[in-house]
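As the structure is a computational prediction, the values presented were derived from the model and not from experiment.
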Amino acid sequence: MIEVIREVGGQKGGIKLTKRQKEVLMLIVENPSIEQEELVAILGINRSAIQKHINVMKNSNIIERIGGKKS
């Protein structure tokens with residue numbers, strides 16, 4: 001599960017996300033347990049692009065993974 005840990009928005013010095021990153025974030029907010037393959041199907045972009053968007057948000061402390069990976 002992914003949790004939003006930082007608000008994104010109009011604060012001075014706030015983090016700027018691309019339109020696509022905002023779309024990914026909104027889908028995660030709506031369903032924190034969403035899988036990358038579901039994001040691929042919904043957004044129509046490849047998995048590596050999804051991963052890059054997620055990495056940007058992780059590195060910016062906007063989202064973080066809660067719990068372990070599936071085994």
K.L.:
Testing Leu43, Leu17, Ile63 one by one against Val24 for a side chain to side chain contact (heavy atoms under 4.5 Å, CB included), which residue passes?
P.N.:
Leu43
K.L.:
Knowing that exactly one of Glu23, His53, Lys52 qualifies, which makes a side chain to side chain contact (heavy atoms under 4.5 Å, CB included) with Ile45?
P.N.:
His53
K.L.:
Nearest 0.5 Å, please: how far is CD1 in Ile34 from CG in Leu39?
P.N.:
4.0 Å
K.L.:
Any side-chain heavy atom of Ile54 sitting closer than 4.5 Å to one from Gln36?
P.N.:
yes
K.L.:
How far does CZ of Arg47 sit from CD of Glu35, to the nearest 0.5 angstrom?
P.N.:
9.5 Å
K.L.:
Shared ILVMFWY cluster between Ile50 and Val56, side chains joined below 4.5 angstrom?
P.N.:
no
K.L.:
Show the nearest heavy-atom pair for residues Glu64 and Ile66, with the distance to one decimal.
P.N.:
OE2-CD1, 3.4 Å
K.L.:
To the nearest 0.5 Å, tell me how far Lys16 NZ sits from Lys22 NZ.
P.N.:
7.5 Å
